[in-house]
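Scroll down for the structure; my scribbles are underneath it.
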Amino acid sequence: MFQEKYQQIERMLRACTGEEDALLTTGGDHADLASTIAFKRAKVEKRAPAKIAADIAEKLSADPSLGDIRVEATGPYVNFRFGPTLLADAVREALDPGYGALQRRTGRVVLEHTSANPNGPLHVGHIRNTVIGDSLARAFRKAGHALEVQYYLNDMGRQIAIVSWGFDHLDIPRKEGEKPDHYVARVYIAANREIEKNPEITKEIDHLMQLVERGDAETVKKFRTAVSLCAEGIKATLAALNVHHDRFVWESDFVRIGDVDRIIERVRRLPQAHEDETLWVNLTEQGFEKKYILRRSDGTSVYSTRDLAYHTWKGRNYDRMIDVLGADHKLIGAQLRATLTLLGEQPPEIVFFEFVSLPEGSMSTRAGKFVSADELIEEVAAKAYDEVTTRRPELSFEERCAIAKSVAIAAIRYDIVKVSPEKSTVFDWKEALDFERQSGPYIQYAHARACSILDKAGEFTRTYTLETEHEVALARHLARFPAVIEQTVEELRPHLVAAYARELADLFNAFYHYDPVLKSEGETRNSRLTLVDAVRNTLQESLATLGIDALRSM
RNA sequence: GGGCUUGUGGCCUAGUCCGGACAUGGCGUCAGCCUCCUAAGCUGAAUGUCGGGGGUUCAAAUCCCCCCAAGCCCGCCA
């Protein structure tokens with residue numbers, strides 16, 4: 001409804017003024033939609049903006065196709081307000097199962113996220129990638145895109161060689177009940193200590209990397225074993241966060257099937273390619289001073305080469321590719337895009353997010369300086385369990401645990417997704433353990449409240465009458481949800497959904513406080529219950545888009 | 001040294017791409033609200049040179065220039 005009306009008003013303003021851009025925005029408190037077009041026309045017409053706005057408003061009000069939309073000029077602004085019929089339509093639409101879903105689109109999209117090196121567990125920095133990526137994936141599916149989500153498993157890097165060396169040379173047994181990714185991290189950290197003590201080991205590591213590139217069966221098997229072990233643990237963490245990848249793509253496969261050799265051949269034929277002891281691409285024309293090296297002097301490929309092969313493969317199999325990457329990949333990502341363009345291949349769209357650090361400094365798996373996602377989940381779930389136990393002592397142990405788990409994931413995911421990706425953050429335990437306003441649990445709570453009211457209400461007849469200011473404000477906000485989904489996939493910014501859901505919860509809480517539902521009677525009771533149901537459904541849909549469980553009770 | 005990103009009340013944050021109506025909300029502080037649909041809630045108060053300085057414009061947190069600060073990157077690592 002909202003989007004159609006937006007487009008209709010935009011067309012009318014264009015026709016009325018002859019301007020290309022209708023300068024239409026959401027009007028905040030003033031209106032559902034507002035235009036500042038009168039300022040622009042003032043220059044051309046050499047008249048006061050307020051007069052022009054008044055003329056436009058008068059002309060448009062005479063148009064019957066506007067129906068239930070009221071137009072008025074407030075000073076130089078042309079304001080549009082949806083009337084009761086339209087708002088009733090908005091509530092009606094918001095009751096649809098799957099509300100917010102957009103029309104099915106053609107073309108396959110591949111979205112790559114997380115892709116952390118399998119040399120240890122995911123830490124609180126990695127899961128920023130995970131949460132942004134998964135929320136984006138959910139928004140894309142809701143927006144009607146056919147989507148495949150991939151994890152690119154770097155199984156032949158130096159880190160993995162170090163892990164493999166550690167398994168071979170250090171006698172580190174797995175502890176009872178230790179998660180495999182944490183075990184791998186211990187081996188990795190210990191191996192790095194050995195290398196520090198004895199730098200000669202570096203040669204052994206280099207040798208392992210050459211063996212694996214050549215496809216030496218025994219070394220490949222050792223690497224795979226280590227990587228599989230770690231990936232098993234990573235998958236468990238992802239599952240706990242409500243995150244699923246459709247496919248794990250192994251980096252070494254591109255070497256094994258010859259794609260890396262083929263891409264090197266293609267790169268060699270580029271006019272920008274140079275071969276001395278290494279093969280590199282000169283990207284100065286594209287604005288990069290740095291050599292883009294794709295083959296070492298010992299003949300082995302580097303990460304960039306394999307990444308080039310991976311993206312070429314993605315380009316062949318998908319119509320659109322999106323990568324979620326940490327800000328440390330900005331340069332290499334730009335070089336990748338530039339090189340793919342030179343090769344005549346499709347470059348990926350890249351969503352970058354800035355770093356998460358600890359109060360004492362940046363995280364490092366190698367130094368063992370990190371807060372793991374598992375530890376975070378455990379701590380937050382413990383706190384959530386205490387909260388649930390205090391509030392709902394009558395529930396069984398199992399029920400309380402289940403709620404605590406959902407609340408914990410909600411708190412963690414929401415904390416991460418609500419912040420713009422371009423902002424660097426410092427991990428803070430106090431904030432992570434806060435379940436109050438502007439948190440995931442706060443929104444879940446609003447949803448549970450709505451459910452509770454509906455459970456107690458029993459049967460009622462759906463009625464669409466909006467009387468109080470709180471009811472009207474809710475309906476106006478409900479109407480915007482599909483537009484928010486649209487904007488989220490257009491701008492690749494999932495935090496818009498987070499902000500939307502929080503605002504909806506805010507509005508619902510205000511309504512809850514001022515407008516009694518169960519105690520009201522007749523038409524009012526029916527229409528308020530209908531509104532509560534619409535809010536319940538829209539909260540559920542927006543929470544689902546954020547990968548957060550919409551609890552019925554908490 | 002060069003590049004990218006960020007800088008909004010004590011702390012965190014929206015808005016910046018696409019300039020417009022009193023800069024969004026939270027935490028914390030202070031003052032209130034559970035004989036009333038779950039108080040993970042609600043109401044009110046105090047707190048702002050939108051990093052600094054120029055410029056463009058009828059209009060700048062938003063655009064342009066300069067400067068300052070922080071994070072990240074600048075490896076035959078990934």
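Chain identifiers are assigned alphabetically (A, B, ...) following the order of the sequence lines, protein sequences preceding nucleic acid strands; residue numbering begins at 1 within each chain. These numbers come from the heavy atoms of this one structure, side chains and all, not from hydrogens, waters or symmetry mates.
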With sequence neighbours left out, write down each residue that passes ring pair (Phe, Tyr, Trp, His ring centres under 6.0 Å) with [X], or none if nothing qualifies.
X	value
His113(A)	His245(A)
Tyr514(A)	His470(A)
Trp250(A)	none

Next on the checklist: If the condition is side-chain contact (heavy atoms from CB on, under 4.5 Å), which residues does Ser439(A) pass it with, not counting sequence neighbours?
Outcome noted: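 Partners of Ser439(A) under the side-chain contact (heavy atoms from CB on, under 4.5 Å) test: Pro441(A), Tyr442(A).
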Checklist entry - Sequence neighbours excluded, which residues qualify as side-chain contact (heavy atoms from CB on, under 4.5 Å) partners of Ala367(A)? => result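 By the side-chain contact (heavy atoms from CB on, under 4.5 Å) rule, Ala367(A) matches Ser364(A), Lys369(A).
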Checklist outcome for this item: Quick tally for nucleotides 71-78 of chain B: nucleotides whose base has a protein heavy atom under 4.0 Å get B, sugar-phosphate-only ones S, the rest -, giving BSSSSBSB
Considering only side-chain heavy atoms of [X], which listed nucleotide, [options], is closest?
X	options	answer
Tyr512(A)	G20(B), G26(B), A39(B)	A39(B)
Thr36(A)	G20(B), G41(B), U13(B)	G20(B)
Glu436(A)	U38(B), G41(B), U43(B)	G41(B)
Arg493(A)	C17(B), G15(B), U43(B)	G15(B)
Lys456(A)	U43(B), U38(B), A14(B)	U38(B)

Distances under 3.5 Å only, N/O to N/O: pair up the protein atoms with those of nucleotides 56-61 of chain B.
none

Item to check | Test salt bridge (charged side-chain N to carboxylate O under 4.0 Å, His left out) applied to Arg337(A) - qualifying residues, sequence neighbours left out | outcome: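 Scan of Arg337(A) (salt bridge (charged side-chain N to carboxylate O under 4.0 Å, His left out), adjacent residues dropped) gives none.
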Next on the checklist: Per the salt bridge (charged side-chain N to carboxylate O under 4.0 Å, His left out) rule, what does the pair list look like for residues 282-302 of chain A, sequence neighbours excluded?
Outcome noted: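 Sorted pair list: Glu275(A)-Arg295(A).
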Item to check | Trace of the side chain to side chain contact (heavy atoms under 4.5 Å, CB included) decision for Asp515(A) with Glu471(A) | outcome: CA-CA 8 Å; Asp515(A) 301 340; Glu471(A) 293 169 2; 3.9 Å; yes
Item to check | Within residues 502-510 of chain A, residues whose heavy atoms come under 4.0 Å of RNA chain B | outcome: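 Under 4.0 Å from RNA chain B: Arg502(A), Asn509(A).
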Listed pairs under 3.5 Å, donor-acceptor, residues 116-125 of chain A side chains, sequence neighbours left out:
from      : atom 1 : to        : atom 2 : distance (Å)
His123(A) : ND1    : Gly125(A) : N      : 2.9
His123(A) : ND1    : His126(A) : N      : 3.4

What's touching nucleotides 31-34 of chain B from the protein side, N or O pairs under 3.5 Å?
none

Checklist entry - Is the charged tip of Arg449(A) near the ring of Tyr512(A): under 6.0 Å from the six-membered ring centre and within 45° of its axis? => result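 Yes, a cation-pi geometry holds between Arg449(A) and Tyr512(A).
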